[in-house]
Participant: 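One structure, as structure tokens, below. Some questions next.
Here is how names work: the chains are called A, B, and so on, in the same order as the sequence lines, proteins then strands, and each is numbered from 1.
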Amino acid sequence: MSDVAPRDFIRQIIHEDLESGKHDEIVTRFPPEPNGYLHVGHVMSICLNFGVGQETNGRTFLRFDDTNPGKEREEYVRAIEYDVHWLGFDWGERLTHASDYFDQIYSAAEKLVEMGVAYVDSLSADEIREHRGTLTEAGRNSPYRERSVDENLDLFRRMRKGEFADGEHVLRAKIDMASPNMNLRDPALYRIRHIDHQRTADKWCIYPMYDFAHTMSDAFEGITHSLCTLEFEDHRPLYDWFLDQLNPPHRPRQIEFSRLNLAYTITSKRKLNMLIDNGVVAGWDDPRMPTIAGMRRRGYPAAALREFVRRGGVTKKDKLIEMGVLENCIREQLGESAERRMGVLRPLKVVLTNYPEDKVEMMQAMNHPNNADLGTREMPFSRELWIEQDDFLEEAPRKFFRLKPGGEVRLRFGYIIRCDEVVRNAAGDVVELRCSYDPDTRSGTGSSDKKVKGTIHWVSATHGVRASVRLYDRLFTEPDPNSVEDFLSVLNPDSLETVDAILEPALRDLQQSQAVQFERLGYFCADSAEHTADAPVINRIVTLRDSWAKIERQAMSSSALS
RNA sequence: UGGGGCGUAGCCAAGUGGUAAGGCAUCGGGUUUUGAUCCCGUGUACCGCAGGUUCGAAUCCUGCCGCCCCAGCCA
């Protein structure tokens with residue numbers, strides 16, 4: 001176990017359990033229900049459970065909590081396995097399902113019946129709800145609560161044989177209908193469901209409830225620390241009750257931590273589904289989705305996600321983490337690894353009037369400013385170029401270091417140019433800049449020691465590659481969309497903008513999912529589903545930090561004040 | 001109004017009775033052919049509030065306030 005690893009309260013407990021000799025080996029599990037796709041919130045649970053396993057040289061199970069057939073599908077199982085692997089974790093031989101233990105769980109239930117602490121109730125679901133009482137009023141015992149062990153056993157076995165219809169009976173724990181903890185008011189253990197299970201087919205027509213199945217599965221697998229989110233805190237007494245009654249050889253301990261909430265996003269399965277159904281996003285792996293599949297397609301590196309949840313920490317306090325933390329993790333990761341390229345998102349034509357018509361020079365461009373090992377590439381330079389519309393301003397403020405009429409700017413890895421003339425169309429829009437270049441300023445070899453304040457990116461017009469670039473932004477305009485009555489009313493209308501961009505020729509080799517930095521703009525990656533060499537589709541992963549935008553903002557607010 | 005949790009700077013978060021780490025953000029400055037990166041510097045945190053114990057309290061006690069979770073035959 002690393003001493004420099006951050007010590008959260010859970011790792012402290014685990015450390016103590018190892019020190020005291022309570023456990024020789026730590027065993028954890030990540031137990032998703034295969035009824036949907038994994039999202040950022042799950043990333044935290046995955047990193048915690050598998051992280052603890054790795055750090056302590058213990059074991060971690062990937063267990064599918066598949067106790068509710070009908071809602072669960074093998075499609076999700078495969079997607080979840082893929083996501084966990086992609087995140088960088090390996091469960092080895094420890095891939096299990098709650099359904100693997102259906103026989104053992106059933107035996108445990110029979111044992112509870114024999115012990116007289118579980119009974120078959122024949123009240124309807126509605127009646128059971130009525131008997132449960134409320135948060136402030138005690139519940140009432142079911143009239144079937146005092147059935148004999150023999151009758152209960154007979155009924156339970158017949159439930160299993162399929163003699164009853166769905167909802168006719170339910171197996172309940174006999175605990176305390178007056179407990180202030182609702183979970184202890186005779187919780188259901190088994191319900192009848194005549195429906196095929198994705199793995200056990202029609203072998204069963206009764207299925208165990210979460211609390212019972214989960215506790216038993218943990219015990220069977222020898223889980224030492226069963227880590228889950230805060231909303232299960234109230235379930236712990238029930239978890240412990242099962243263990244007290246059945247006293248299995250291994251006694252797991254449940255510990256709860258708070259969920260990780262990301263600002264400007266939602267993770268509710270229901271709401272995420274609505275985004276898809278309403279056509280707000282294209283699907284579960286839309287690059288704007290907070291699903292692992294969406295983030296992967298967006299181009300977020302797995303290492304960035306791991307670092308993000310590490311920074312979030314493990315506590316019991318409700319948290320809403322700012323987007324900036326995630327973005328910073330992504331930039332940190334990509335800044336080091338992604339090669340640099342040039343692309344112009346919103347092209348503005350520049351004609352170098354003093355540059356020969358058919359001349360082409362190859363400019364040497366570094367693939368990474370801080371890592372020469374990544375090498376160089378050549379960028380063709382010619383008379384007609386594209387530059388970014390944002391890099392030209394006719395009436396520029398003093399602090400604007402880019403191109404302006406009569407002003408000079410450096411073309412990165414190229415020459416310094418001066419804007420001599422602005423060409424407009426009939427509508428008065430600037431459509432072309434006529435500039436002249438200074439032959440003595442060629443990057444690297446220039447004889448001039450002229451310095452200019454600004455450097456901008458560019459692409460040769462005759463060599464540029466057209467590409468569809470998708471500029472993604474947050475899906476919501478509210479930091480906490482969950483706190484809003486109608487979360488669809490705070491959608492960000494600009495969460496996706498598609499532009500026809502022009503990329504430098506070297507980008508022709510970009511492979512699906514490959515990430516690069518477009519200098520001065522941000523990190524981008526070729527879409528893993530739609531990108532081809534002939535019809536490039538590029539996703540913006542995240543922008544670069546932009547202190548010019550900040551200066552502009554400040555200028556705006558100060559002029560607004562004056 | 002019952003029960004279970006949580007409250008340390010804008011957002012996270014260390015801290016476990018000895019006088020408030022760190023990260024992100026912010027704001028300054030330096031380097032820079034990415035206004036990126038990098039580097040330096042930058043915070044009066046009434047430690048939710050009020051009392052109490054103590055030589056000494058974010059840490060212990062009492063009361064209060066605020067927020068979250070629980071009434072599925074979902075997980």
Side-chain angles (χ1 to χ4, degrees), chain A residues 6-8 12 31-33 35 65-68 71-72 121 123-126 128-129 132-139 166-172 179-185 187-193 206-207 209-211 213-214 228-237 256 258-260 263 269 310-329 331-332 335-336 340 342 366 368-370 399-402 409-414 416 441 443-444 451-457 479 517-522 543-551:
Chain A
R7 273 289 172 67
D8 51 73
Q12 276 181 40
E33 179 187 12
N35 69 343
D65 225 327
D66 56 350
T67 56
N68 191 12
K71 274 187 153 185
E72 300 152 359
D121 197 350
L123 249 27
S124 71
D126 284 343
I128 285 180
R129 189 180 329 109
R132 186 154 26 233
T134 69
L135 294 178
T136 51
E137 298 162 34
D166 288 7
E168 246 183 278
H169 305 285
V170 65
L171 183 73
R172 290 229 257 171
S179 171
N181 181 343
M182 300 301 280
N183 296 113
L184 263 20
R185 318 247 262 227
L189 265 29
Y190 265 91
R191 76 286 218 189
I192 300 170
R193 270 271 216 288
I206 59 172
Y207 295 94
M209 298 290 292
Y210 161 83
D211 288 293
H214 199 88
C228 62
T229 42
L230 244 33
E231 67 269 28
F232 292 104
E233 219 153 14
D234 285 348
H235 294 238
R236 185 163 15 106
E256 312 84 11
S258 62
R259 278 172 182 273
L260 175 158
K269 216 160 279 173
R310 193 193 65 75
R311 289 186 194 180
V314 180
T315 64
K316 301 190 73 158
K317 183 175 148 188
D318 292 329
K319 51 185 135 214
L320 183 63
I321 302 179
E322 291 173 342
M323 269 284 202
V325 181
L326 209 209
E327 293 180 340
N328 180 69
C329 291
R331 291 186 185 115
E332 232 170 63
E336 206 177 309
R340 265 103 252 230
M342 288 195 216
M366 285 185 289
H368 193 111
N370 313 320
K399 280 195 187 160
F400 187 77
F401 302 149
R402 284 111 95 150
V409 74
R410 160 144 241 133
L411 294 177
R412 183 142 162 92
F413 301 130
I416 288 175
T441 58
S443 186
K451 291 272 186 231
V452 287
K453 203 74 164 129
T455 299
I456 64 173
H457 56 99
Q517 181 194 98
F518 285 2
E519 295 214 24
R520 304 209 308 130
L521 297 175
T543 62
L544 249 32
R545 281 172 69 177
D546 186 356
S547 50
W548 168 245
K550 196 163 58 191
I551 294 169

Participant: Between B/rC24 and B/rC67, how far is it from one P atom to the other, in whole Å?
Facilitator: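 Rounded to whole Å, the distance is 32 Å.
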
Participant: Does some side-chain heavy atom of A/K316 sit less than 4.5 Å from a side-chain heavy atom of A/E233?
Facilitator: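 Result yes, sub-4.5 Å side-chain heavy-atom pair found.
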
Participant: Between C1' on B/rU33 and NE2 on A/H368, what's the gap in Å once rounded to a whole number?
Facilitator: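 My rounded result for the distance is 15 Å.
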
Participant: When rounded to the nearest Å, what value does the distance between C1' atoms of B/rA71 and B/rU1 take?
Facilitator: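 To the nearest whole Å, 15 Å.
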
Participant: Are OP1 or OP2 of B/rC73 and a side-chain N or O of A/R132 less than 4.0 angstrom apart?
Facilitator: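 Yes, within the criterion.
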
Participant: Is a donor-acceptor pair below 3.5 Å formed from side chain A/R410 to base B/rU33, judging by atom type as modelled?
Facilitator: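 Side chain to base: pair found, below 3.5 Å.
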
Participant: Report yes or no: does A/S258 contribute a side-chain atom to a donor-acceptor pair with the main-chain N or O of A/T315 at less than 3.5 Å?
Facilitator: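 Flag set: sc A/S258 to bb A/T315 pair under 3.5 Å.
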
Participant: Could you check whether any side-chain heavy atom of A/V452 comes within less than 4.5 Å of a side-chain heavy atom of A/V409, counting everything from C-beta outward?
Facilitator: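 They are not in side-chain contact.
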
Participant: Got a donor-acceptor pair under 3.5 Å from the side chain of A/Q517 to the base of B/rU34?
Facilitator: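 Yes, the side chain and the base share a sub-3.5 Å donor-acceptor pair.
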
Participant: Can you tell me how far P in B/rG51 sits from the matching atom in B/rU59, rounded to whole Å?
Facilitator: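 Here B/rG51 and B/rU59 have their P atoms 14 Å from each other.
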
Participant: Mind calculating the distance between CD (A/E33) and P (B/rG72) to the nearest angstrom?
Facilitator: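 These atoms are roughly 18 Å apart.
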
Participant: Taking atom C1' of B/rA75 as reference, at what distance in whole Å does atom CG of A/N35 sit?
Facilitator: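 Whole-Å distance recorded here is 7 Å.
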
Participant: Look at the side chain of A/N181 against the base of B/rG4 and say whether a donor-acceptor pair falls under 3.5 Å; ignore hydrogens and angles.
Facilitator: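 Answer no: no donor N or O sits under 3.5 Å from an acceptor.
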
Participant: Report the distance from atom CZ of A/F413 to atom C1' of B/rU34, rounded to the nearest whole Å.
Facilitator: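 So the CZ-C1' distance, A/F413 to B/rU34, works out to 8 Å.
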
Participant: If you count the non-hydrogen atoms of other residues, nucleotides and ligands that lie under 6.0 Å from NZ in A/K269, is the total more than 12?
Facilitator: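 Check passes, neighbour count above 12.
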
Participant: Answer yes or no: is there an ion pair linking A/R311 with A/E332, defined by an N-O contact shorter than 4.0 Å?
Facilitator: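 Salt bridge present between A/R311 and A/E332.
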
Participant: How would you label the glycosidic angle of B/rG72: syn (within 90° of 0) or anti?
Facilitator: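 B/rG72: syn.
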
Participant: Using only heavy-atom distances, decide whether a donor-acceptor pair under 3.5 angstrom links the side-chain of A/R340 to the base of B/rU34.
Facilitator: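 Yes, a donor-acceptor pair under 3.5 Å.
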
Participant: How many whole angstroms separate atom CE of A/M366 from atom C1' of B/rA36?
Facilitator: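 A/M366 atom CE is separated from B/rA36 atom C1' by 13 Å.
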
Participant: Taking only the C1' atom of each, what is the distance from B/rU31 to B/rC40 in whole angstrom?
Facilitator: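 Nearest-Å result for B/rU31 against B/rC40 at atom C1': 11 Å.
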
Participant: B/rG10 base to A/E322 side chain: any donor-acceptor pair below 3.5 Å?
Facilitator: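 Indeed there is one.
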
Participant: Classify the side chain of A/Q12 and the base of B/rU16 as holding, or not holding, a donor-acceptor pair under 3.5 Å.
Facilitator: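 Present.
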
Participant: Quantified in whole Å, what is the P atom distance between nucleotide B/rG22 and nucleotide B/rU16?
Facilitator: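 Nearest-Å result for B/rG22 against B/rU16 at atom P: 16 Å.
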
Participant: Between the base of B/rU33 and the side chain of A/S443, is there any donor-acceptor pair under 3.5 Å?
Facilitator: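 Answer yes: a donor N or O sits under 3.5 Å from an acceptor.
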
Participant: What's A/G444 touching, base or sugar-phosphate or nothing? Going by heavy atoms closer than 4.0 Å.
Facilitator: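 Base contact.
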
Participant: Rounded to whole angstrom, note down the C1' distance from B/rC69 over to B/rC11.
Facilitator: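 Their C1' atoms lie roughly 23 Å apart.
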
Participant: Does OP1 or OP2 of B/rU37 have a side-chain N or O of A/R545 closer than 4.0 Å?
Facilitator: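 Yes.
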
Participant: If only side-chain N and O atoms of A/R236 are considered, is one of them under 4.0 Å from the OP1 or OP2 phosphate oxygen of B/rG3?
Facilitator: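 Answer no for this pair, as no side-chain N or O of A/R236 is under 4.0 Å from OP1 or OP2.
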
Participant: Any base atoms under 4.0 Å from A/R412, or only sugar-phosphate, or nothing? Heavy atoms, all strands.
Facilitator: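 Counting heavy atoms under 4.0 Å across all strands, the contact made by A/R412 includes a base.
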
Participant: State, with a plain yes or no, whether a side-chain heavy atom of A/N68 is found less than 4.5 Å away from one of A/R191.
Facilitator: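 The answer is yes, as the side chains (C-beta and beyond) meet within the 4.5 Å cut-off.
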
Participant: Roughly how far apart, to the nearest Å, are B/rC27 and B/rU42 at atom C1'?
Facilitator: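 Straight-line distance between the two C1' atoms is 7 Å.
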
Participant: Please give the distance between the P atoms of B/rA13 and B/rG18 as a whole number of Å.
Facilitator: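 These two P atoms come out 23 Å apart once rounded.
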
Participant: Is any side-chain nitrogen or oxygen of A/K269 closer than 4.0 Å to OP1 or OP2 of B/rA75?
Facilitator: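 For B/rA75, OP1/OP2 do not have a side-chain N/O of A/K269 under 4.0 Å.
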
